[in-house]
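If you scroll down you'll find the structure; I have some questions about it.
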Amino acid sequence: RPVAHASLGDSWRETISDKGFRGLLVFGLVFNLLNGPAAPYWIVFMREHVHLSISQIAIFALIGQGARVLGLFFWGRWVDRFGSRPILGLCIAIAATHPLYYVIARPGFSWPLYLDAISSGLVWAGIELAMFNLLLAAARPERKEMYFAVYTTVTGLALSATALVAGHLSDDVMALHWVASSRGPLIGIFLWTTLSRLACLYWLRGVHEPRAHSVGDTVRWIVRGAER
């Protein structure tokens with residue numbers, strides 16, 4: 001007899017109904033929805049309000065990529081020791097400070113953006129590594145392809161949609177003279193991003209990882225180790 005295969009819709013519903021996976025999916029969805037709106041404005045701010053050249057911005061990107069490679073080795077050690085969930089929470093808390101580098105940057109005072117390039121590269125490496133490990137752990141071995149497909153589709157669409165809407169609105173927003181000539185509106189967007197990243201820590205409570213340490217215990221252990 002031929003083997004009956006579930007339809008694509010049934011496979012999606014079955015995957016999303018998995019409570020262990022659903023918490024991670026909701027977190028990834030919220031995280032991308034809240035981070036997408038600021039996406040078009042980082043480079044705009046560098047160009048228009050810090051007066052950086054394209055070559056300088058390219059250097060920032062290069063620094064960030066180098067830091068990301070190093071970050072994978074750094075965070076991999078801590079993920080093995082404490083678990084992915086606490087490292088994800090720690091990295092998101094650090095990432096919440098990154099928009100503040102833009103708040104204090106200005107023409108002739110661009111060094112905070114170099115710090116942001118280094119820190120962002122290191123921290124986003126930790127976020128991506130921890131998210132990948134959590135997804136790998138949540139997926140059932142016999143259906144892991146579907147779990148990865150659902151997660152990537154939902155979170156990717158969330159980030160793309162918010163970034164696309166923000167990018168479309170940015171043309172209209174930057175066309176307003178008082179916005180283009182003032183740092184205020186963009187500073188407000190960056191402060192919103194800081195608060196929204198911190199808010200994501202609430203949604204992290206729905207992500208479960210057996211035998212993982214708490215974020216607080218992980219931070220205390222790292223601080224004690226650094227003091228020795």
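What you see is a predicted model, and the numbers here were worked out from it, not measured in a lab.
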**N/O donor-acceptor pair under 3.5 Å between D116 side chain and P112 backbone** =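 No; judged by distance alone, with no hydrogens or angles, the pair does not exist.
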**Asked** So, T162 side chain and A158 main chain: donor-acceptor pair closer than 3.5 Å or not?
**Response**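 Indeed, once roles are kept as given, a pair shorter than 3.5 Å links the two residues.
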**Asked** Distance-only, no hydrogens or angles: does the Q56 side chain make a donor-acceptor pair with backbone N or O of S53 under 3.5 Å?
**Response**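 It does hold such a pair.
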**Validation row: H208, K19 side chains within 4.5 angstrom (heavy atoms)** =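 They are not in contact (no side-chain heavy atoms under 4.5 Å apart), so the answer is no.
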**Request:** Would you give the length of the straight line joining atom OG of S119 to atom CH2 of W124, rounded to the nearest 0.5 angstrom?
**Result:**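 Taking OG in S119 and CH2 in W124, the distance rounds to 11.5 Å.
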**Criterion side-chain contact (heavy atoms from CB on, under 4.5 Å) on F27 and L134, from CA distance to verdict** = CA-CA 11 Å; F27 171 80; L134 287 168; over 6 Å; no
**Asked** Taking C-beta and beyond as the side chain, do V26 and R22 meet within less than 4.5 Å on heavy atoms?
**Response**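 The answer is yes, as the side chains (C-beta and beyond) meet within the 4.5 Å cut-off.
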**Asked** Would you say the side-chain atoms of S160 pair up with the backbone N or O of L157, donor to acceptor, closer than 3.5 Å?
**Response**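 Pair absent, no side-chain N/O of S160 close to backbone of L157.
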**Message:** Are Y147 and F21 packed together at the side-chain level, in the sense that at least one heavy-atom pair is separated by less than 4.5 angstrom?
**Reply:**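 Yes, close enough: below the 4.5 Å cut-off.
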**Message:** Donor-acceptor check, side chain of R106 to backbone of I104, threshold 3.5 angstrom: yes or no?
**Reply:**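 Yes: the side chain of R106 pairs with the backbone of I104.
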**Prompt:** For T194 and A96, which heavy atoms make the closest approach, and how far apart are they?
**Reply:**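 Where T194 meets A96 most closely, the heavy atoms are OG1-O, 2.7 Å.
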**Asked** Do R47 and I57 touch side chain to side chain, with heavy atoms closer than 4.5 Å?
**Response**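 Yes. Closest side-chain heavy atoms under 4.5 Å.
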**Message:** Any non-hydrogen side-chain atom of L159 less than 4.5 Å from a side-chain atom of F31?
**Reply:**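 Side-chain contact under 4.5 Å: no.
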**Asked** Are side-chain heavy atoms of M46 and Y102 found at a separation under 4.5 Å?
**Response**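 In contact.
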**Asked** Does E209 reach the main-chain N or O of S84 with its side chain, forming a donor-acceptor pair under 3.5 Å?
**Response**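 Looks like yes, one N/O pair under 3.5 Å.
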**Message:** Using every non-hydrogen atom in the two residues, find where G89 and L204 come nearest and quote the distance to one decimal.
**Reply:**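 Heavy atoms only, the tightest pair is CA-CD2, 3.5 Å.
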**Prompt:** How about R197 and H98: do any of their side-chain heavy atoms sit closer than 4.5 Å?
**Reply:**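 A side-chain contact exists here, since the closest heavy-atom pair is under 4.5 Å.
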**Request:** Report the C-alpha separation of L186 and H49 in whole Å, then their side-chain angles, then the decisive distance to 0.1 Å, and conclude whether the side-chain contact (heavy atoms from CB on, under 4.5 Å) test is met.
**Result:** CA-CA 10 Å; L186 294 183; H49 297 287; 3.6 Å; yes
**Message:** Determine whether L25 and V154 satisfy the following criterion, side-chain contact (heavy atoms from CB on, under 4.5 Å), listing intermediate values before the conclusion.
**Reply:** CA-CA 8 Å; L25 180 64; V154 172; 3.8 Å; yes
**Request:** Output the distance between atom CG (N133) and atom CD1 (I87), rounded to the nearest 0.5 Å.
**Result:**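 So the CG of N133 and the CD1 of I87 are separated by 10.5 Å.
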**Prompt:** Do the rings of F74 and W78 sit parallel, tilted or perpendicular, given the 30° and 60° boundaries?
**Reply:**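 Answer is perpendicular, since the angle exceeds 60°.
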**Message:** Strictly distance-based, threshold 3.5 Å: is any side-chain N or O of S120 a donor or acceptor partner for the main-chain N or O of A117?
**Reply:**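 Answer holds: no.
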**Request:** Classify the ring geometry between W111 and F109 as parallel (under 30°), tilted (30 to 60°) or perpendicular (over 60°).
**Result:**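 It falls in the perpendicular class, over 60°.
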**Request:** Kindly assign one of parallel, tilted or perpendicular to the pair W42 and F190, based on the angle between their ring planes and the thresholds 30° and 60°.
**Result:**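 W42 and F190: parallel rings.
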**Taking every non-hydrogen atom, the tightest pair across A163 and A39** =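 Here A163 and A39 meet closest at CB-CB, 4.2 Å.
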**Message:** Return the CD1 to OG1 distance between I92 and T97, rounded to the nearest 0.5 Å.
**Reply:**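 These two atoms lie 12.5 Å from each other.
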**Request:** For R68, enumerate each residue passing the salt bridge (charged side-chain N to carboxylate O under 4.0 Å, His left out) test, keeping only those at least two apart in sequence or located in another chain.
**Result:**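 With sequence neighbours excluded, R68 shows a salt bridge (charged side-chain N to carboxylate O under 4.0 Å, His left out) to E128, given in chain and number order.
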**Message:** We want to know whether R143 and T15 form a side-chain donor-acceptor pair, criterion being a heavy-atom distance below 3.5 angstrom.
**Reply:**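 T15 and R143 do have a side-chain donor-acceptor pair below 3.5 Å.
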**Heavy-atom side-chain proximity of M131 to Y151 below 4.5 angstrom** =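 In contact.
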